[in-house]
Amino acid sequence: MKTAFTARRLYTPTEELPNPLVVVEDGRVARISSRPAAATPADTALVDFGDATIAPGFLDIHVHGGAGLDVMRASLSELPRFGQFLSVHGVTGYFATTVAAELDATYAALERLANAIEKSTQPNGGKPAARPLGIHLEGPFLSHKRRGVHPPEYLVKPTISIFDKLWQAARGHVRMLTIAPEIPGALEVIAEASRRNVCVSIGHSDAELPIALEAVKAGARHATHTFNAMRPLDHRNPGIIGEVLSNDSMSADIIVDGIHVSPEVVKVFLQSKGPERAVLITDAMSATGMPDGRYQLGPIQVDVADGRATANGSLAGSVLTMDRAVRNVTKFSNWTLKDAVRAATLNPADAVGLSGTYGQLVVGSAADFVVLSPEGGVLKTVVGGQGF
Ligand SMILES: [Zn+2]
């Protein structure tokens with residue numbers, strides 16, 4: 001069946017198209033044009049979103065949970081409810097993100113998540129739900145000094161053998177690895193993970209500048225929640241952040257909730273990474289979308305009050321949603337909604353090697369998109385051409 005969608009404008013997101021006509025067939029974009037140039041094909045139902053903007057669905061490459069569910073603990077049957085929660089906030093695809101936990105519990109969680117990823121390719125006739133597209137291992141190869149709330153007893157020295165066990169448990173669905181490059185053994189794991197097309201992201205790290213450079217040489221090409229859980233920037237001894245901000249071949253992500261990083265420093269980050277390489281993440285945990293209280297982040301107990309998630313006084317993930325992150329970018333900087341959308345769509349897809357199918361609206365891409373108000377509010381989310 002073919003469906004055509006129209007609205008006031010479309011962000012591809014690199015281009016803006018007025019009066020777009022997006023023809024969708026079998027869950028994919030079959031054609032994109034401006035309406036006056038092409039009438040709706042006769043055998044096609046037309047859905048008109050009026051004054052709104054169509055943009056690619058948001059991708060969240062660092063999310064631990066939401067709606068009361070934690071991705072390391074949720075069952076296969078519960079995960080679609082998490083996906084539905086994400087889609088309400090404009091997300092159509094995500095990387096289920098682990099935290100440092102007991103290795104056997106991690107392997108079991110990875111097997112469950114691999115099942116969910118393989119199942120998500122099947123059509124779901126019901127409500128739109130963001131699809132798990134891969135796994136992000138945030139740990140266990142993190143710096144003790146910059147571990148944040150990751151439990152110290154579960155941090156592990158990087159070895160190719162442990163990385164391979166994690167990889168096998170996840171049946172190859174590991175798409176992203178956050179690692180501290182200064183730990184002995186890390187550079188070998190960075191090289192091996194890169195060979196397997198994993199996006200290696202440096203983070204939870206106390207690295208000096210030369211080690212950050214070594215990590216990039218070994219294959220690291222991204223940075224995890226820039227500024228948070230990192231050796232702070234010193235203008236004479238810049239450390240890891242000096243490399244992350246100055247290396248134009250690296251992308252980097254940031255939590256734009258106004259709590260993890262001040263709005264002024266968010267602006268500095270956006271100026272240095274630019275609209276091509278800045279990536280928005282939420283780092284959201286299970287309390288997202290829920291009332292204040294006590295929640296789980298993997299094995300970690302987290303208290304949430306007034307929008308802050310903490311464990312023993314340290315920030316423990318966020319309760320940010322991706323639509324709010326996008327709007328915050330337009331508030332904290334002079335970026336347009338189009339550029340802010342790019343940082344939540346094409347840029348994460350480029351960073352993790354998925355931009356052929358996700359993160360942009362072009363012929364052949366997944367028909368995953370969000371319908372936005374002029375202020376960036378989510379009016380509708382469509383996944384695989386379904387859900388309007
Ligand atoms: Zn995280």
Side-chain angles (χ1 to χ4, degrees), residues 58-67 69-74 82 86 89 91 94-101 105-106 109-110 113 130 132-152 154-156 166 170 174-180 198-206 222-230 240 244 251-257 259-261 279-289 295-304 307-322 324-325 344 348 351-352:
F58 303 147
L59 300 174
D60 194 348
I61 58 176
H62 189 148
V63 60
H64 300 282
L69 295 167
D70 179 84
V71 296
M72 289 187 84
R73 300 159 71 95
F82 173 53
L86 289 177
H89 296 283
V91 176
Y94 70 96
F95 282 178
T97 305
T98 61
V99 294
T106 305
L110 293 175
L113 292 170
L133 301 176
I135 292 164
H136 176 172
L137 296 174
E138 188 184 17
F141 310 133
L142 310 177
S143 148
H144 269 266
K145 187 165 179 197
R146 304 288 175 194
R147 66 184 176 80
V149 299
H150 293 257
Y154 300 137
L155 300 183
V156 172
L166 295 162
V174 175
R175 303 294 305 236
M176 193 163 181
L177 169 70
T178 292
I179 185 167
V198 173
C199 170
V200 176
S201 184
I202 50 177
H204 281 279
S205 164
D206 198 43
H222 189 79
T224 295
H225 44 53
T226 307
F227 300 108
N228 294 119
M230 275 182 184
I240 177 173
V244 170
S251 51
D253 61 52
I254 188 164
I255 307 167
V256 187
D257 61 355
I259 294 171
H260 280 74
V261 181
V279 172
L280 304 182
I281 57 165
T282 64
D283 200 4
M285 46 84 63
S286 57
T288 310
Y295 294 88
Q296 287 296 133
L297 170 60
I300 310 155
Q301 220 167 54
V302 175
D303 289 306
V304 178
R308 297 173 76 90
T310 54
N312 300 322
S314 288
L315 285 173
S318 83
V319 291
L320 179 64
T321 54
M322 195 54 99
R324 194 152 61 82
V352 302

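The structure displayed is predicted, hence computed values, not measured ones. Atoms within a ligand are numbered from 1 in the order they appear, just like the ligands themselves.
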Problem set entry | Close side-chain approach of Leu137 and Leu166, heavy atoms under 4.5 Å | yes
Exercise. Is a donor on one side and an acceptor on the other found under 3.5 Å between the side chain of Asp253 and the backbone of His225?
Worked result: yes
Seminar exercise, completed: Hits for ring-ring contact (aromatic ring centres under 6.0 Å, His included) against Phe95, two or more places apart or cross-chain, chain-then-number order -> none
For this session: Spell out the protein N/O/S atoms under 2.8 Å from the Zn ion (ligand 1) as residue plus atom name.
Result: His62 NE2, His64 NE2, Glu138 OE1, Asp283 OD1
Seminar exercise, completed: By side-chain contact (heavy atoms from CB on, under 4.5 Å), Ser286 pairs with (sequence neighbours left out) Asp70, Tyr295
Exercise. Is it true that the side chains of Asp283 and His62 contain a donor and an acceptor less than 3.5 Å apart?
Worked result: yes
Exercise. Considering residues at least two apart in sequence or located in another chain, which fulfil the salt bridge (charged side-chain N to carboxylate O under 4.0 Å, His left out) criterion with Asp257?
Worked result: none
